[in-house]
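The model shown is predicted, which means the values in this text are computed figures rather than measured ones. Values below: all heavy atoms of this structure, side chains included; hydrogens, waters and symmetry mates excluded.
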Amino acid sequence: MQSVLKSAQIDPPPYVIVDLQFNGGGDYTTSYRGMRGLPGALPKGTPIYILTSNATFSAGITSVVFLKQAAAAGEKEIGVMMSMRAKWMTVLFQS
C-alpha cells in the first residue's frame with residue numbers, strides 16, 4: 001500500500017478503484033493506514049470507487065468505513081449491501 005500511495009502522489013490517477021468484493025475479513029489493522037491515507041495521497045476531487053459485495057465482511061467492512069471517513073464524501077460505493085452488520089459497524093466506527 002505504501003508503494004501505491006507514493007505512486008499516486010508522483011503520477012496521480014484520474015480515479016481509483018478499491019475492490020473489496022471478496023474481502024471476507026481478517027485483521028483490520030493491516031488496512032487501516034492505507035485506507036485512511038489514500039484520499040490524502042490523491043489530488044482533491046479524485047473519484048474513489050469502492051466495490052463491495054455480499055462477500056465483503058468484517059475487516060472488509062471496516063476498510064470501507066475507514067476509507068469513507070477519510071474521503072469525506074469523495075467516494076462512491078458500488079455493489080450490493082455488504083451484510084446486515086455493515087450498517088451496525090458503520091455506526092460503531094463513526095462514533
Side-chain angles (χ1 to χ4, degrees):
M1 188 57 152
Q2 290 176 352
S3 66
V4 169
L5 296 177
K6 284 180 185 177
S7 288
Q9 290 175 331
I10 294 167
D11 185 20
Y15 58 88
V16 173
I17 299 172
V18 179
D19 188 349
L20 298 170
Q21 292 178 89
F22 299 101
N23 186 330
D27 181 358
Y28 75 87
T29 64
T30 61
S31 68
Y32 177 79
R33 286 181 27 184
M35 294 296 112
R36 298 288 294 182
L38 180 60
L42 301 169
K44 191 171 183 90
T46 301
I48 300 172
Y49 299 96
I50 307 168
L51 305 182
T52 63
S53 75
N54 59 3
T56 307
F57 190 71
S58 190
I61 295 169
T62 58
S63 293
V64 172
V65 173
F66 296 148
L67 182 54
K68 290 180 81 167
Q69 285 176 335
E75 81 294 332
K76 294 173 179 53
E77 193 173 319
I78 301 171
V80 300
M81 179 63 167
M82 293 174 278
S83 76
M84 292 306 290
R85 294 185 184 176
K87 188 172 188 176
W88 175 82
M89 291 179 84
T90 300
V91 170
L92 176 69
F93 280 92
Q94 288 179 349
S95 299

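Taking each heavy atom of A55 and F22 in turn, the nearest pair found is CB-CD2, 4.0 Å. Considering every non-hydrogen atom in both T56 and Q21, the closest pair reads OG1-O, 3.3 Å. Heavy atoms only, all atoms of each residue included: I48 and A71 are closest at CD1-CB, 4.4 Å. When all heavy atoms are compared, the tightest approach of G25 to N23 is N-OD1, 3.0 Å.
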Throw together a table of side-chain donor-acceptor distances under 3.5 angstrom for residues 29-45, partners on residues two or more places apart or in other chains.
residue	atom	partner	partner atom	Å
T29	OG1	D27	OD1	2.6
T29	OG1	D27	OD2	3.1
T30	OG1	D27	O	2.7
S31	OG	Y28	O	3.3
S31	OG	S63	OG	2.6
R36	NH1	Q69	OE1	3.1

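For T62 (side chain) and A59 (main-chain N/O), a donor-acceptor pair under 3.5 Å exists by modelled atom type.
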